[in-house]
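Throughout, a chain's letter reflects where its sequence line sits, starting with A, and its residues are numbered from 1.
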There are 2 protein chains.
Amino acid sequence: MADYPEFSVTTDLVVLTVRGAALQVLLVRRGIEPFRGAWALPGGFVLAGEDLDTAAVRELREETGLTAPGGHLEQLATYGEPGRDPRGRVVTVAYLALLPDLPTPVAGSDAASADWVTLPAGELAFDHARILADGVERARAKLEYTPLATAFCPPEFTISELREVYETVWGATLDPRNFHRKVTSTPGFVEPVGRSVAAERGRPAQLFRRGPTRLLHPPMLRPAS
Amino acid sequence: MADYPEFSVTTDLVVLTVRGAALQVLLVRRGIEPFRGAWALPGGFVLAGEDLDTAAVRELREETGLTAPGGHLEQLATYGEPGRDPRGRVVTVAYLALLPDLPTPVAGSDAASADWVTLPAGELAFDHARILADGVERARAKLEYTPLATAFCPPEFTISELREVYETVWGATLDPRNFHRKVTSTPGFVEPVGRSVAAERGRPAQLFRRGPTRLLHPPMLRPAS
DNA sequence: GCAAAAGTGTTCGCCTTACACCCATGA
DNA sequence: TCATGGGTGTAAGGCGAACACTTTTGC
């Protein structure tokens, strides 16, 4: 063991949400060098005796004040190119988090300042632009064959809200009628709550909550580019 | 940086191949403690100044003597649970490699001994059984929507050979006629070489090589379980 | 009633499936 | 000529895309 090089290990988070009609990512302004003042993904060093997943959850809570109830957190990929951090040899295990649009704004507790930024998000510190791009691509792909779009929604939601998530993340427009039928006919995707909610205009929409299925059969199909 | 804990980083490889009608994984017998004498995934420590991908390619070459020409190598996932290595805090970046059934047997150059083991592969050192399971699941899923099955085949192959790869990895039987039509009609999946090869019995089969497509439209469908 | 959004019915065409059938070779 | 595997034709059924149509609300 002593013959081999030592690394620092960090977890960085690609935290995505859908607000209005925009896909947004949680970014922090770096308060220290390197890249002081630049936007970066939230994250930090893994502590001794701490699991990688635990570190990611802790960073998410520290940066956003949330524990992702109803949200989703998964490992994305690991980045370890020798020159990627000027401070030394740092390996970053990136995580992807999908959260509903929470009324609580970001409380930058220990970060200099944190904010939601609409994509595309311009220049980022380190290789975070690439990590962000990988996370967005993963999210787009996973909407097809998993019910993870519900992670962007509150616990109870309408089919239209769910459709807006798909349209925002994919940057496409979907037929409301066929989307409704597809979602409600896919076993275990959503379950009716039994109540309705009045919209600003038009017929009230039924409320649904997420179903038990973790994999969609058949998958939702992204329109041809 | 000095305030944060130091880690060792390794790359471990899930190297899969299809031989005969069996899905096999490359395993090594550990020559040193811990887990001396047990089967383990090939791999080793990342060197100073070495990229993670580069380390994976190096380990693959050192353990198998191959540079995976025509094969496939991708990052799988990262495992960093505190107690997973009794020697200390080790984070392992796992890679998945898909290789054709090479005439060259495994040359265990610096490993104690390496061999192909038919799945399922019993007890493994560390948490390698879980890493292996993750790799097999990734391979099964990727055959659906990518042309990676060709990574298990030699540069030129018949449609029947490709079908045997699918059948072996999925553990399912596929209709030869429909499989042939599906593969040859999916744009960019395979390209005809123009030559044929005589089989032991029956009509000679046309040879194909892999096409340029990286994503299958439409995907190959796994039969309902 | 009218506008607007929710939700249903129906048709068309493509793709999968199942399987009949023909082709090319060795014995 | 027969057995065997390679490859094509074709009809039935399922599903997605498109869109007409009905339902339920606010004004």
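In this structure, A/His217 atom NE2 and D/dC15 atom P are separated by 14 Å, rounded to whole Å. Rounded to an integer number of Å, the gap from CD of B/Glu200 to C1' of C/dA24 is 17 Å. Distance, B/Glu161 CD to D/dG6 C1': 13 Å, rounded to whole Å. Straight-line distance from the CZ atom of B/Arg222 to the P atom of C/dT17: 14 Å, rounded to whole Å. In this structure, CG of A/Leu216 is placed 15 Å from C1' of D/dG16, rounded to the nearest angstrom. One interatomic measurement links the two molecules: CG of B/Leu221 to P of D/dG16, which rounds to 11 Å at whole-angstrom precision. Atom C1' of nucleotide D/dC15 and atom CZ of A/Phe179 are separated by 17 Å, given to the nearest angstrom. If you take CD of A/Gln206 and P of D/dT23, they are 16 Å apart, rounded to a whole angstrom.
Cation-pi geometry between A/Arg29 and A/Trp39 is met: the NZ or CZ atom falls under 6.0 Å from the ring centre, inside 45° of the normal.
B/Asp175 places a side-chain N or O within 3.5 Å of a backbone atom of B/Asn178 that can act as its donor or acceptor partner. A distance-only check finds a donor-acceptor pair linking the side chain of A/Arg138 to the backbone of A/Leu76 [under 3.5 Å].
One finds no side-chain N or O of A/Ser160 lying less than 4.0 angstrom from the OP1 or OP2 phosphate oxygen of C/dA5. The shortest distance between the side-chain N/O atoms of B/Thr184 and the OP1/OP2 oxygens of D/dG7 is not below 4.0 Å. Distances shorter than 4.0 Å separate none of the side-chain N or O atoms of B/Lys182 from OP1 or OP2 on C/dC15. Between D/dG7 and B/Arg177, no contact under 4.0 Å exists linking OP1 or OP2 to a side-chain N or O. Between A/His180 and the phosphate of C/dA6, there is no side-chain N or O to OP1/OP2 separation shorter than 4.0 Å.
Residues A/Ser196 and A/Gln206 have side chains that never bring a donor and an acceptor to within less than 3.5 angstrom of each other.
Listed nucleotides D/dT24, C/dT10, D/dG6 differ in distance to A/Arg181; the shortest reach to its side chain belongs to C/dT10. Looking at the side chain of B/Pro204, the nearest of the listed nucleotides C/dT25, D/dC19, D/dG6 is C/dT25. Of the candidate nucleotides D/dC19, C/dA6, D/dG6, D/dG6 has the atom lying nearest to any side-chain atom of B/Arg203.
Among the heavy atoms of the strands, none lies under 4.0 Å from B/Ala199. A/Pro218 comes within 4.0 angstrom of the backbone, heavy atoms only, and of no base.
Nearest-nucleotide assignment on DNA chain D puts the 5′-proximal partner with A/Asp175, out of A/Asp175 and A/Gly202. Toward the 5' end of DNA chain C, the nearer of the two residues A/Asn178 and A/Arg201, judged by each one's closest nucleotide, is A/Arg201.
Taking the six-membered ring for Trp and the full ring otherwise, the centers of A/Phe157 and A/Phe208 sit at least 6.0 Å from each other.
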